[in-house]
Amino acid sequence: MLGKTPDKVAHYTYLYPRGGPWPQPNPQRPLGEAPIVLGIPWQEQLLFGLTVGLGFSLSLTLGIPRAMLAALTSAVDKPIDDGWFSDTLTESSYSKFLTPLDGGADEKAFAPVIERWPGATFYKQDFSAIRGVKPYDGMYVAPTMVLVKEEPGQEGVQVERRKKRVVAIVVDDDLLLEPEQRDAWDRGKLFVLQGAAYGMLFTEHPNLHFPFDAINAISKSWLPQQHPIYQLLIPHLTFQLPLNVGVLASRLSVITDYRPTYYAPFTANMSDGLLDLFVAGYQGVPGRSGYPEYKFRDRPRRVFSDYGLFLMAYYEKSFLPFARAVAQVALEPEWREMTRQWAVYIAWYIDGFPGGDQILDEDTLTRVLAHITWDLSLGHAADHENFSFDVSPEQKFLRLRVKPPAGPQDEPVDMSAAVSWVDRFKMRLAHRTFFEPHVRTRLVDIDYPFTDARLGIAANGFFAELRQTEAWLREQNIRNFMPLAKVPASIQF
Ligand SMILES: [Fe+2]
């Protein structure tokens, strides 16, 4: 297979002449997490240190007074409003967790509620993987799942656009709560919001980051700089490798076992279950369809909300047509074998990636390239934007110092005791530094280094399509979850 490689062809050049990065098993959980790239070229480390890394340092020092002040003034002092709770779970980035019911054993506790509305359409949102987290003394977590019901009378409306409402919460697999059980319900909502925030941070969002490290490294190291796929991807690959390895392996990471890390807002040590949450998101949880095993898909997963329509509109209207133009050139005789071998290498590391001859199908390669470029720019960044600004740092409840509901009748929850000033301070600092988007290079400013004139024209078409998609969203009255002008070119936060 390797005998056909282009090594011997003199006019090809490589970004890191045959000394580039490559994926390997993750030392922390070789089977449970995506492969990691540990050998990062010094040029990438230097660039990261002078930009994103410097930004982190400045934010974590100069941002201290602001975080202290915000922690004083921003406490959530009333129980969570039911309307806001439902809207946030079903319309924000949390709507990514909406999962159609499949009749699995995990749904049994909802049976009395489901029976009450025959013919209604339900979804669940599963936040139960947090059960493996052992919190610090005085803090609590609880596995929760919510039942979401479509409001009646929306038959002609597109599924994604139908209004939905949370009608039940299950805590600890069998305690069923409904809004009528006011005090226990209010208490349960805190743990749902906690589970949703951990779900975004540790099970859902990581799959937009880490499986793409193998793609990043292999594209930089295997493809010559003249290859059309290299020229398409390279602007989308900046910052990602040092960022991802920093999150997982740096001693200064926000995910830590070192409790005095003053900006770490989580409720437990990394080794006390937080890493297992990553595994739940990547390996899946058997018997729970809310935690499917990660597999590379050639199109983004369907999300049952306007947020899903927003994400998919960009994929279909902008990224797909552009990817098709690149795929057509990448399958021409000069590049075809290199393209095939690129996919063989990636498929070896990433489950579901179409390896070998599968990638030689133009439609398949088109969807794969569209998914990669969509994920690294809009798909990833929109999660940050929405997660940061639709749910305030305090409404994420990453630390809770009140107990989960013990039964259907419970005492009113004491909101002043639920979260301490220190918890809010850490969260404000981490939120501002790591969760909110800080854009270094923008998607709309990319200057693709295409050498084929056809692809230069396709790139111009792509930027026009991006603007048209944003206009289309406005026409359709679909919320603009992230302004196009703010979307970064790559994973940089
Ligand atoms: Fe991210």
Side-chain angles (χ1 to χ4, degrees), residues 26 33-37 40 44 47-48 51-53 55-56 59-60 92-97 196-217 235-250 252-256 263-266 270 274-275 277-278 280-282 294 296 300-301 303 307 310-311 314-315 350 371-391 393 396 398 427 429-443 481-483 486-493:
N26 186 316
E33 290 183 59
I36 193 169
V37 178
I40 312 247
E44 294 196 26
L47 175 68
F48 181 83
T51 53
V52 182
F56 286 168
S59 175
L60 292 174
S92 76
S93 56
Y94 289 167
S95 64
K96 286 188 138 185
F97 296 110
Y198 276 94
M200 280 306 283
L201 290 165
F202 287 90
T203 64
E204 168 61 33
H205 191 73
N207 287 338
L208 301 175
H209 274 249
F210 302 117
F212 289 82
D213 280 0
I215 296 171
N216 185 313
H236 298 287
L237 305 181
T238 317
F239 305 117
Q240 175 195 331
L241 292 179
L243 176 74
N244 283 353
V245 82
V247 170
L248 292 179
S250 164
L252 298 175
S253 173
V254 69
I255 310 165
T256 181
Y263 46 83
F266 302 116
M270 176 172 75
L274 291 184
L275 275 186
L277 274 176
F278 279 136
Y282 190 68
Y294 176 81
F296 182 88
R301 193 159 50 88
V303 177
Y307 186 55
F310 164 84
L311 294 174
Y314 275 106
Y315 172 79
I350 303 298
H371 189 180
I372 295 172
T373 45
W374 170 92
D375 178 286
L376 299 176
S377 56
L378 182 106
H380 163 264
D383 270 15
H384 275 269
E385 175 83 2
N386 187 262
F387 179 70
S388 294
F389 302 122
D390 265 24
V391 186
K396 294 186 172 88
L398 290 186
M427 185 54 182
L429 206 49
H431 199 273
R432 177 92 178 143
T433 307
F434 303 111
F435 304 164
E436 293 176 17
H438 301 281
V439 179
R440 311 276 161 187
T441 55
R442 301 192 307 161
L443 177 64
F481 284 85
M482 184 170 205
K486 210 180 158 186
V487 175
S490 63
I491 291 189
Q492 36 198 264
F493 37 79

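Please read all numbers here as calculations on a predicted model, not as lab measurements. As the structure lists them, so they are numbered: ligands from 1, and atoms in each ligand from 1.
- Ring geometry for Y315 against W374 counts as perpendicular: the plane angle is over 60°, on a 0 to 90° scale with 30° as the lower cut.
- The Fe ion (ligand 1) has H205 NE2, H209 NE2, H380 NE2, H384 NE2 as protein N, O or S atoms under 2.8 Å away.
- The salt bridge (Lys or Arg N to Asp or Glu O under 4.0 Å) test applied to D383 returns K96, not counting sequence neighbours.
- Side-chain contact between L311 and P300 is absent, with no heavy atoms from C-beta onward closer than 4.5 Å.
- In this structure R442 satisfies the salt bridge (Lys or Arg N to Asp or Glu O under 4.0 Å) test together with D445, sequence neighbours excluded.
- Listed by chain and residue number, H205, H380, F493 satisfy the ring pair (Phe, Tyr, Trp, His ring centres under 6.0 Å) test with H384 (two or more places apart in sequence, or in another chain).
- Using a 4.5 Å heavy-atom cutoff, the side chains of F56 and F434 are in contact.
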